[in-house]
Amino acid sequence: MAKIETIRHSLAHILAYAVQELYPGTKFGIGPAIENGFYYDFDLKRSLAPSDLPKIEEKMRELISQKISFKKGKLSKSDSNKLFKNQPYKLELIKELPEDKITVYESGDFIDLCQGPHVKSTKEINPQAFKLTKIAGAYWRGSEKNPMLTRIYGAAFKTKKELSSFLKIQEEAEKRDHRILGQKLELFMFDEEVGAGLPLWMPKGAILRKIIENYLYEELTKEGYLWVVTPHIGNLNLWKTSGHWELYRENMYSPIKIDEEEYELKPMNCPFHLKIYQSKIRSYKDLTLKYAELGTVYRYERSGVLHGLTRVRGFTQDDAHIWCTPEHLAEELTKLVKHGLKILKTFGFKDYEIYLSTRPEKFAGTEKGWQKATNSLKYVLEKLRLKYQIDPGGGVFYGPKIDIKIKDSLGRPWQCTTIQVDFNLPERFKMSYIDKKGRKRQPIMIHRALLGSLERFIGVLIENYAGALPLWLAPEQIWVIPVGSRHKKYAKEVKKELSSFRVEAKDENETVSKKIREGEIQKIPYLLVVGDKEMKTNSVRVRERGRGDTGITKLTKFLEKIKIETKKKK
Ligand SMILES: [Zn+2]
Ligand SMILES: [Zn+2]
């Protein structure tokens with residue numbers, strides 16, 4: 001049986017064939033296989049709506065049932081130009097192909113410029129295991145200067161069962177979309193006038209951020225990190241010395257002119273932290289030195305790829321830089337990985353995918369240094385008995401790295417933690433420390449972010465918990481709801497008793513059931529209803545999120561319970 005990628009790509013051709021039959025005069029872009037499916041880009045004479053998809057799908061099934069075979073052919077440039085004379089996008093692609101590399105695939109009445117591979121016949125495609133999922137606009141070759149094409153996406157698998165479980169997860173994922181939940185729960189917003197990819201944190205979202213920041217502050221301080229604060233811009237010369245201007249410029253914004261000098265919005269915090277290291281002569285006794293900062297950085301992202309909080313143009317990294325002697329590298333890396341996993345676990349993430357990325361073609365430092373650092377990273381993962389995969393050549397130019405992707409409750413992986421060894425910056429900035437024998441040596445530098453960025457991590461948290469954040473993270477933990485106006489005073493007393501928590505007394509003149517409903521929509525962990533009985537006995541009626549009414553309990557007892565829960569970070 002054909003590989004799933006081959007089936008997916010063949011389905012893209014069948015999709016194009018169906019569109020050619022249904023909408024004559026269509027111009028064709030490209031149609032690759034992608035993760036979980038395929039797409040094809042079309043320049044159509046009319047616009048399509050999701051309601052058009054079943055018809056196209058039906059046509060595709062009809063074509064598949066005809067057992068169409070895929071035939072490969074080789075063409076000269078002039079023949080292919082003739083063949084695709086009415087297809088401007090194909091002609092553009094042909095222009096860039098070398099003379100002897102032009103191949104086409106013919107399936108029924110549809111011919112496409114394509115390298116393949118493809119299935120031999122549509123017999124190999126399960127007509128029940130694919131579905132057209134959505135229509136989106138996409139610029140030809142991803143550039144805003146080019147025409148906007150219509151992209152039709154499809155999901156495809158080998159079996160119907162795989163397809164339906166994928167579609168189910170998709171449906172669940174849509175319900176958890178942090179962009180929608182974030183608005184509903186009033187955590188963050190975007191505003192066109194402010195600019196794309198620049199989130200505004202609303203009061204409740206800011207509380208959530210602060211809780212996470214405070215937790216990190218405590219955790220990292222215990223681990224011996226020192227905190228630093230650095231500016232959002234820095235002189236362009238700094239970024240030239242660091243190599244960012246040369247190697248990272250496509251992610252940076254245009255310089256800002258101040259007086260006669262040029263400045264850059266920082267895409268990373270590293271050079272600043274490094275300058276603090278260099279503020280005095282360091283000895284081996286000062287090492288290992290760890291500087292941490294919740295540093296807000298700015299990186300250019302194309303507007304087309306911006307996505308809620310998970311892809312933004314300004315974000316705050318939980319960043320840190322560690323300098324140690326080469327002898328201490330393995331030990332420091334071990335601590336780092338262990339500590340990182342502990343923190344992720346506290347947030348409820350227990351499943352990971354771990355990648356070790358090795359030397360790319362273009363690299364800074366020496367081959368020997370790379371080998372040593374890569375071995376250290378490997379050693380650490382093996383010592384901690386962590387399963388990992390090697391990403392050959394996937395390291396950044398300055399050093400090898402470990403990436404940890406967390407898996408959310410739907411099993412989707414999200415890139416979070418990154419731990420990178422760096423040979424480049426210590427060299428470029430001539431960093432040094434004095435060793436035991438009084439000799440000048442170069443320290444090893446490690447960059448590391450555990451959560452990645454607060455924005456992205458909070459987006460993942462929201463999707464993982466479908467907005468129902470654990471008690472210790474919930475911006476509003478408890479609502480006290482008086483039954484009638486004569487219970488308002490008691491509700492305020494309860495609020496006061498619980499004042500070490502984030503608690504609101506809801507004394508608006510609305511019915512109890514309406515307030516409960518509102519509390520459920522806002523995903524408040526505990527709703528405490530208070531009426532005559534509760535008032536008399538110094539109690540509360542507890543409605544626990546996800547469990548409903550759990551009965552009356554003494555206020556002191558409730559307080560005990562939630563104290564334990566928050567302490568355990570549940
Ligand atoms: Zn193809
Ligand atoms: Zn860094």
Side-chain angles (χ1 to χ4, degrees), residues 2-3 5-17 20 28-34 38-41 68-75 80 84 87 89-90 93 97 101-108 110-120 122 125 154 156 225 228 230 234 238-239 242-244 247-248 251 266-277 289-297 299 315-323 336 364 395-399 401 403 417-426 428-429 431 443-450 452-453:
K3 275 194 188 163
E5 289 76 22
T6 310
I7 292 174
R8 285 175 180 150
H9 179 54
S10 301
L11 273 162
H13 279 230
I14 296 297
L15 165 61
Y17 190 178
Q20 173 184 277
F28 298 93
I30 56 162
I34 53 172
F38 59 91
Y39 71 76
Y40 210 110
D41 288 343
I68 294 167
S69 56
F70 280 77
K71 289 177 220 135
K72 188 175 185 175
K74 219 172 156 187
L75 286 184
S80 52
F84 292 105
Q87 293 293 337
Y89 304 106
K90 299 290 174 193
L93 296 174
L97 285 171
K101 281 271 162 12
I102 303 173
T103 57
V104 293
Y105 269 86
E106 186 181 352
S107 42
F110 179 72
I111 300 183
D112 205 349
L113 180 72
C114 174
Q115 300 277 2
H118 277 288
V119 295
K120 283 200 188 73
T122 53
I125 299 172
Y225 286 83
V228 295
T230 64
L238 176 75
W239 305 105
S242 70
H244 286 90
L247 296 152
Y248 201 69
N251 303 82
K266 66 172 166 184
M268 293 189 194
N269 305 299
C270 340
F272 295 111
H273 292 191
L274 186 154
K275 284 286 177 187
I276 302 176
Y277 176 103
L289 189 63
K290 313 182 195 185
Y291 286 158
E293 178 178 18
L294 295 165
T296 305
V297 297
R299 293 183 191 168
F315 56 90
T316 304
Q317 289 181 304
D318 64 320
D319 202 5
H321 295 94
I322 297 170
W323 293 276
L336 256 177
V396 245
F397 71 92
Y398 50 76
K401 60 172 181 169
D403 283 331
T417 307
T418 184
I419 298 171
Q420 314 178 339
V421 181
D422 183 349
F423 303 112
N424 181 51
L425 290 181
R428 281 179 177 262
F429 283 89
M431 297 185 79
I444 295 213
M445 180 167 176
I446 305 169
H447 308 247
R448 76 105 189 91
L450 298 179
S453 84

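When a ligand or atom number is given, it counts from 1 through the structure's own listing order.
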Subject >> Check: Y105 ring centroid to H118 ring centroid under 6.0 Å >> reply: yes
Original post:
In H9, the N, O or S atom nearest to the Zn ion (ligand 1) is which?
Top reply: NE2
Original post:
Rounded to the nearest 0.5 Å, how far apart are SG of C114 and CG of L93?
Top reply: 11.5 Å
Subject >> Minimum side-chain heavy-atom gap L238-F272 below 4.5 Å >> reply: yes
Original post:
By atom name, which N, O or S atom belonging to H118 lies closest to the Zn ion (ligand 1)?
Top reply: NE2
**OP:** Check H447 and report its N/O/S atom nearest to the Zn ion (ligand 2), by atom name.
**Re:** ND1
Original post:
Does C270 bring an N, O or S atom to within less than 2.8 Å of the Zn ion (ligand 2)?
Top reply: yes
Original post:
Are the charged groups of K90 and D112 less than 4.0 angstrom apart, N to O?
Top reply: yes
